[in-house]
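Okay, structure first, notes after.
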Amino acid sequence: MSKKTNKLRVLTGIKPTGEIHLGNFSGAIKPTIELSQNPENEVIFLCPDWHGLTNKGQIFQPGQLSHHVICTYLALGFELENNAIILQSDFSQIQENAWYLACTCSAGLLERSHAYKDALASGKEATAGLLFYPTLMASDIVTFAAHLVPVGKDQAQHLEYASDMVRHFNQATNSQTFLEPKPLFQDNPILLGIDGRKMSKSYQNTISLFGPQKETEKAVKNIKTDSKGLNESKNPEECLIYQLFCSFASLEAKEHMKEQLIKGMGYGYGHAKQDFLQEHQRVFGQKRELYEHYLNNPQEVQKLLKNGYEKCLNYANEVTQKARQALGLKSYKLW
Ligand code: ADP
Ligand code: TRP
C-alpha cells in the first residue's frame with residue numbers, strides 16, 4: 001500500500017525525441033522544476049519513451065535520449081526528496097491500464113484526435129500507435145493517480161480525452177477506479193528560435209542547453225537581428241537576442257542588456273551576443289558538468305531514482321489492481 005499524503009500529486013512529461021533546447025527549458029522544464037521545489041506538491045516527471053515511437057518511419061533508439069532528458073532534469077535541480085523521475089517503459093501497468101481505457105472509449109474519439117487527423121491530412125501513413133497515443137497518455141496520468149497535469153495549451157485535447165476516458169471507464173464499471181485529472185495550462189510565452197519562428201527541433205533553429213559549445217556559439221551568432229547600427233538605440237522588446245536571453249538570464253543581466261540596447265552608444269548586436277554567450281555559460285556551464293557526470297554514471301542515476309520508483313510502483317500496482325477488480329477480471333497466478 002502506498003503511504004497516503006495530503007500533497008497535490010502532479011504528473012508531467014516531455015517526449016525524448018531530440019536534444020533539449022531553450023524552448024523546452026522555459027516552457028516545460030523550468031516550471032516543472034519549480035513545482036518540484038514546492039514541498040506541497042508531489043511531482044512525478046515521467047519520460048514518455050513509448051510515445052516517442054508513434055511516428056511511422058521515425059523509429060529511433062529512445063534509450064539514449066531518455067537518459068539525456070532525465071540527466072537534464074537532475075542537473076537542473078529537480079528535487080527528488082518528495083518527488084520522482086520515472087521512465088514510462090519501466091511501468092508495464094501503464095500499458096495495461098491503457099488497454100482498459102481503450103476498451104471503454106469509442107474508436108471515434110481517437111479518430112477525431114488532432115494529431116491523428118493532421119497526420120492523415122498531410123498524407124502520412126499514420127500508425128495505430130499514433131491513433132492510440134491519447135489513450136497511452138491518459139494512462140500515464142491515471143496509473144499514478146495524478147491530480148494535476150502541467151502542460152502547454154497544445155496538449156488541451158489530450159487532457160480533455162483523458163477526462164473523457166476516465167469518465168467512460170468509471171461509468172462502465174460503476175466504480176471510482178481512475179481519478180479525473182485536471183490540466184494546469186502553462187501560460188509561458190512561446191519562445192522563438194534563432195530564425196524568428198517557434199523554437200523547435202523540427203525547424204533546426206534551437207539553442208541547446210548542454211550541447212557542444214561550438215554549436216551554441218554558432219547558433220547565437222545566427223540569431224536574426226535588424227540592421228540597426230552600433231550607436232543606434234534598439235528596442236529590447238523587438239530584439240530576438242534579448243527575448244531569448246530573458247528565458248534564462250538573471251534579473252541583473254537582463255536589466256544590463258536592456259539598458260545597453262536602449263542606450264545604443266557603442267553597444268551593437270555583436271556585443272549583445274557576447275553577453276548572451278557569457279551568461280549562457282554562467283547559468284548552464286556548471287550544470288553541464290553535473291549533466292555530463294550523470295550521463296556517464298547511469299548506475300548513480302538509477303540509485304538516485306530508486307525511492308521515487310518504489311513509490312510509483314506502489315501507486316501503479318494499487319490503481320491497476322483496482323481496475324482489474326472493477327472489470328471483474330480473475331487471476332490464477334500463484335506468485
Ligand atoms: P519540439 O518542438 O522541439 O519538438 P517538443 O514538442 O518536444 O519540442 O517540446 C516539449 C515541450 O517543451 C512542449 O510541450 C512545450 O511545453 C515545451 N516547448 C517546446 N518548444 C517550446 C517553445 N518554443 N516555447 C515554449 N515552450 C516550448
Ligand atoms: N504528449 C505530451 C507532449 O507531446 C507528452 C506526454 C506524454 C505527457 N505523456 C504525458 C505530458 C503525460 C503530460 C502527462 O508534450
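Counting starts at 1 for both ligands and their atoms, following the listed order. Counting begins at 1 with the first residue of the sequence. Small disclaimer: the values here were computed from a predicted structure and weren't measured.
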Notebook entry, point to check: Any donor and acceptor pair, going by atom type alone, linking the side chain of Asn205 with main-chain N or O of Ile194 inside 3.5 Å?
Noted result: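 Not confirmed, Asn205 side chain does not pair with Ile194 backbone.
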Checklist line | Under 3.5 Å: donor-acceptor pair, side chain of Asn41, backbone of Leu35 | finding: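 Checking the backbone N and O of Leu35 against the side chain of Asn41, a donor-acceptor pair under 3.5 Å is found.
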Item checked: Closest to atom 16 (O) of ligand 1 among Gly13, Pro31, Ala28 (heavy-atom distance) ->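 Looking at heavy atoms only, Ala28 sits closest to atom 16 (O) of ligand 1.
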Next item on the list: Using heavy-atom distances, let me know which of Lys201, Gln186, Lys30, Lys15 sits nearest atom 7 (O) of ligand 1.
Entry: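 Selected option, by shortest heavy-atom distance: Lys201.
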Notebook entry, point to check: Is there at least one protein heavy-atom neighbour under 4.0 Å from atom 23 (N) of ligand 1?
Noted result: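 Yes, there is a protein heavy atom closer to it than 4.0 Å.
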Notebook entry, point to check: Under the 4.0 Å line, does any protein heavy atom show up next to atom 13 (C) of ligand 1?
Noted result: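 No; the ligand atom in question lacks any protein heavy-atom contact below 4.0 Å.
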Has ligand 1 got any nitrogen or oxygen that is less than 3.5 angstrom from a nitrogen or oxygen of [X]?
| X | answer |
| --- | --- |
| Gly152 | no |
| Ser200 | yes |
| Ser26 | no |
| His21 | yes |
| Ile190 | no |
| Gly23 | yes |

Item checked: Listed partners of Leu304 passing side chain to side chain contact (heavy atoms under 4.5 Å, CB included), at least two apart ->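 Residues passing side chain to side chain contact (heavy atoms under 4.5 Å, CB included) with Leu304: Leu74, Leu80, Tyr294.
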Checklist line | Residues that Gln243 engages under side chain to side chain contact (heavy atoms under 4.5 Å, CB included), provided they are two or more places apart | finding: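 Only Leu192, Leu240 meet the side chain to side chain contact (heavy atoms under 4.5 Å, CB included) criterion with Gln243.
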Next item on the list: Please say which of Leu11, Leu101, Leu179 ends up in a side-chain contact (heavy atoms from CB on, under 4.5 Å) with Val142.
Entry: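 Result for side-chain contact (heavy atoms from CB on, under 4.5 Å) with Val142: Leu101.
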Mind listing the side-chain donor-acceptor pairs of residues 220-235 below 3.5 Å, one per line with the distance, residues two or more places apart or on another chain?
unit_1	atom_1	unit_2	atom_2	d
Asn222	ND2	Lys218	O	3.2
Asp226	OD1	Lys228	N	3.1
Asp226	OD1	Tyr269	OH	2.6
Asp226	OD2	Tyr269	OH	3.4
Asn231	OD1	Gly266	N	2.6
Glu232	OE2	Gly229	N	2.8
Ser233	OG	Ile262	O	2.6
Lys234	NZ	Gly229	O	3.1
Lys234	NZ	Leu230	O	3.3
Lys234	NZ	Glu232	O	2.7
Lys234	NZ	Tyr267	O	2.9
Asn235	OD1	Glu237	N	3.0

Margin query: Counting non-hydrogen protein atoms only, what is the nearest one to atom 10 (C) of ligand 1? Give residue, atom name and distance.
Written below: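 Scanning the protein heavy atoms, the shortest distance from atom 10 (C) of ligand 1 goes to Asn24 ND2, 3.6 Å.
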Next item on the list: Identify, for atom 11 (C) of ligand 1, the protein heavy atom at the shortest distance, and state residue, atom and that distance.
Entry: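 It is Ile14 CG2, 3.6 Å.
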Quick one: do the [X] and [Y] side chains pair a donor with an acceptor below 3.5 Å?
| X | Y | answer |
| --- | --- | --- |
| His271 | Gln260 | no |
| His158 | Gln155 | yes |
| Gln88 | Asp140 | yes |
| Gln93 | Tyr315 | no |
| Tyr291 | His68 | yes |

Note to self: If we set the cut-off at 4.0 Å for heavy atoms, which region of Leu191 has an atom near ligand 1: side chain, backbone, both, or neither?
What the structure shows: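 Both backbone and side chain.
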Check: Which ligand 1 atoms, with their elements, are less than 4.0 angstrom from a heavy-atom of Lys198?
Finding: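 Answer, ordered by atom number: 2 (O), 20 (N), 23 (N).
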Show the distances, to 0.1 Å, for all pairs joining an N/O atom of ligand 2 and a protein N/O atom that are shorter than 3.5 Å, listing one pair per line.
unit_1	atom_1	unit_2	atom_2	d
ligand 2	1 (N)	Tyr133	OH	2.7
ligand 2	1 (N)	Gln155	OE1	2.9
ligand 2	4 (O)	Tyr133	OH	3.3
ligand 2	4 (O)	Gln155	NE2	3.4
ligand 2	9 (N)	Asp140	OD2	2.7

Check: Which residue, Phe245, Phe248, Phe210, Phe25, forms the ring pair (Phe, Tyr, Trp, His ring centres under 6.0 Å) with His280?
Finding: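 By the ring pair (Phe, Tyr, Trp, His ring centres under 6.0 Å) criterion, His280 pairs with just one of Phe245, Phe248, Phe210, Phe25: Phe248.
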Check: Looking at Tyr203, is Arg197 sitting on its ring face, NZ or CZ under 6.0 Å from the six-membered ring centre and within 45 degrees of the normal?
Finding: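 Relative to the ring axis of Tyr203, which defines the angle, Arg197 lies inside both limits.
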